[in-house]
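Structure, as structure tokens:
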Amino acid sequence: MLRKLQAQYPGREIYLSVYPENTAAIRLYQKFGFQFIEEKDIHGETVMVCYPQ
């Protein structure tokens, strides 16, 4: 899915949000290049971003 989004939106950041206690998801997202930013979404989830490569 990440490759598809990167191909469809070249040069754009991809954002997602995750609850901090979901450590398995966080590790997976980090393996794909996502990093935390200092934001939370409207549901209180922490926002992560993957910058274009």
* Asked: By the rule that ILVMFWY residues connect when side-chain heavy atoms come within less than 4.5 angstrom, directly or transitively, which residues belong alongside Ile42?
  -> none
* Asked: If you measure from CZ on Phe32 to CD on Gln6, what distance do you get to the nearest 0.5 Å?
  -> 10.0 Å
* Looking at side-chain heavy atoms only, is the closest gap between Leu28 and Phe34 below 4.5 Å? -> no
* **Shared-cluster residues of Tyr19, by chain and number - hydrophobic side chains joined below 4.5 Å** => none
N/O donor-acceptor pairs under 3.5 Å from side chains in residues 45-52, not counting sequence neighbours:
unit_1: Glu45; atom_1: OE1; unit_2: Ser17; atom_2: OG; d: 3.1
unit_1: Glu45; atom_1: OE1; unit_2: Val18; atom_2: N; d: 3.2

* To do: Mind running side-chain contact (heavy atoms from CB on, under 4.5 Å) on Tyr15 and Asp41 for me, showing each step along the way?
  => CA-CA 11 Å; Tyr15 294 86; Asp41 72 5; over 6 Å; no
* Among pairs that include at least one residue of residues 21-37, which meet side-chain hydrogen bond (donor to acceptor under 3.5 Å, both in side chains), considering only residues two or more places apart or in two chains? -> none
* Asked: What residues, two or more places apart in sequence or in another chain, satisfy side chain to side chain contact (heavy atoms under 4.5 Å, CB included) together with Tyr9?
  -> Leu5, Arg12
